[in-house]
Amino acid sequence: MIVNGIDIDSIVPENELEEEIIEDLKAGRSKEVVTRCPPEPSGYWYIGHVKAWTINFETAKKFGGKTFLRMDDSNPVKEEGEFADSYMADLEWLGFKPYKFVYASEAYFDEIYNIAEKMIKNGDAYVCDLSAEEVSACRGTLTEPGKESPYRNRTPEENLKLFREMREGKYPDGSKTLRAKIDMSHPNINMRDPIMYKIARQSHYRVGNKWCIWPQYDFVHPMEDCLEGTTYSLCDKGFQDHRIVYEWFVEHGWGKKFAPKQREFSRLVIENVLTGKRHLKKLVNEGVVSGWDDPRFPTLVGVRRRGYTAKALKDFVKSVGWGSVIEVTVPYSALEYYVRNDLNQIATRAMVVLDPLKVVITNYNGDDEEILVENNPNCENLGTHTSKFGKIVYIEREDFSLNPPPKYNRLVEGGVVRLKGAYIIKCNKVIFKKNGEIDHLECEYFPETKSGNDTSGMKCKGTIHFVSENNFFEVTIREFKNLIKKEFINPAKSLAEGVNINEMLEPDSLTERKAYAENFLKNAKVEDKFQFIRKGYYCLDKDSTPDNYIFNSTISLKDSYKF
RNA sequence: UGGGGUGUCGCCAAGUGGUAAGGCACACGAUUUUGAUUCGUGCAUCCGUAGGUUCAAAUCCUGCCACCCCAGCCA
């Protein structure tokens, strides 16, 4: 069976939803797969959003369907245009292309208002004069049924008149609501006559003062889905209890044979990561971080600046799967695996010495010579770049030891080591400063050991990276630790338990240092990704200037050597 | 004491009556001019628990236990 060019029979379902979609398609219950990405434009996206968007976009794509990007902007007090604008860029970065971009407030509110009138006429909705407190008091509790509103049995005519007057602005904010007439004693609290419209005079970022009544989520969301032709409304399991309401509104508000289905996936939580607009905003305002795109933040703009890739994020969320519980918590290392995995494929290798130790090659004379460094050993067609070797080079201080621990296969007194891409050298003498520190090393090199055509037969255990005195420039390196101390695995929970956020913050989550980078890196552009050989992955930060290249440490390489 | 969910290795997670996939993490080995990558090997006699049905159960039935979510005119 072919749907939109996709052979449905060849699709291997990867979760229950996909099995259901195949059944629906085959049974003709839906003609294609339409999903939607419905952010409320009220804050930055986190890694968790990637899961929601990946599921919505990729499920549709798998079946040849389409996905709408719809601003779920029915609450004028929380929403701002700048967020809506940023989402297009975020989505593009993630590699998702919406079929269409709409603001629900502009595209659907008129029609949704008409649906409300229709429901009133059908006796499915009524205008209620109870105050917010009274509504709450009448809702009952988890174990006790609610009480019916005294306004519940107004006639459709009266309700319609009142509702129109609400829209015209005859009543003050909060004085009336439109409510669905469902069942005040329903065991599911969400079914106890949910609010459909509230009155609030508040300018909206898109529709200004066009409305003084605003539709509420339980009503507006399913109606938007219907109007858009959504076939599967995929949301997180926090909405599981609302499915029954969703279905009620689809039946009573839309009523057609076609019915979108709400299905829910687990929320994704990462250990040790703080989310929550309120908390992060505090850190921004107090200057704990540099902004919403601080590389330590779990926002999309943050991790992007840190050097994480869209592919890594998507592979990660896919590895976690659909989920069966409300919230799935995975260790940070699970994410890091995918970050390293992708970066390993795409990052250009370069040599950078973070903590330089000077080495004089006593038997080398003359000009520097060029050496070749592979851009990526896993991918030969990424080629090589030129670096240099000469009389004076710098190696990593920790790559030399006066008292080497067991199995230390770097440079020691009288020992040999290979300089990556160049020659094997032997340390003959250690020169000390007056204060006892090592000033520099005197080494000899073996001309016949040149990388690529080593004819010496010499063996050495280790290879270390280096830069030549005539081929480096000083750069700034920013290194990050998790913002939250390790012991706070679930920061949100700790916060809820009353732990002060300042107690949870890692004191030195950002450190800056200088490093010697090979000149090749002068070509770097903002966001370019590199692997500094034997150290880790880095990317050029947007704060860089021609005089000061700043590299963010994305993540270190794995290191199985234990001292 | 209501409703909605969930219980399979430290963390995710397949499994839908035929004798416990896979990934992360971890541990060893091999290869390696990155102690990276790659590649091997190991890692649940057992599926919350107690019974029952069956030749056969993580999968079916019954009871029990545990954990999560829900009482915004937020989404």
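We name chains A, B, ... by the order of the sequence lines, and we start the count at 1 in each one. These values consider heavy atoms only, across backbone and side chains, with no hydrogens, waters or symmetry-generated copies.
- Not a single salt bridge (Lys or Arg N to Asp or Glu O under 4.0 Å) links A:Lys198 to another residue, sequence neighbours left out.
- For A:Phe532, the ring pair (Phe, Tyr, Trp, His ring centres under 6.0 Å) partners at least two apart in sequence or on another chain are A:Tyr538, A:Phe551.
- Residues passing the ring pair (Phe, Tyr, Trp, His ring centres under 6.0 Å) test with A:Tyr338: none are found, sequence neighbours excluded.
- Judged as a salt bridge (Lys or Arg N to Asp or Glu O under 4.0 Å), and not counting sequence neighbours, A:Glu134 has no contacts.
- For A:Pro298, the side chain to side chain contact (heavy atoms under 4.5 Å, CB included) partners are A:Tyr46, A:Val273, A:Thr275, A:Leu280, not counting sequence neighbours.
- When the ring pair (Phe, Tyr, Trp, His ring centres under 6.0 Å) test is applied to A:Tyr516, the partners found at least two apart in sequence or on another chain are A:Tyr394, A:Phe472.
- A:Tyr364 is linked by a ring pair (Phe, Tyr, Trp, His ring centres under 6.0 Å) to A:Phe389, A:Tyr445, counting only residues two or more places apart in sequence or in another chain.
- Less than 4.0 Å separates RNA chain B from at least one heavy atom of each of the following residues of residues 167-186 of chain A: A:Gly174, A:Thr177.
- Near RNA chain B, defined here as any heavy-atom distance below 4.0 Å, the residues from residues 445-459 of chain A are A:Lys450, A:Ser451, A:Gly452, listed numerically.
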Notebook entry, point to check: Taking protein heavy atoms under 4.0 Å as touching, what does nucleotides 20-28 of chain B look like 5' to 3' if B marks base contact, S marks sugar-phosphate-only contact and - marks none?
Noted result: ---SSS-S-
Below 3.5 Å between N/O atoms, which protein atoms pair up with nucleotides 67-70 of chain B? Just atom names and distances, please.
unit_1 : atom_1 : unit_2   : atom_2 : d
B:rC70 : O4'    : A:Asp241 : OD2    : 3.3

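- A:Arg164 pairs by the salt bridge (Lys or Arg N to Asp or Glu O under 4.0 Å) definition with A:Glu117, not counting sequence neighbours.
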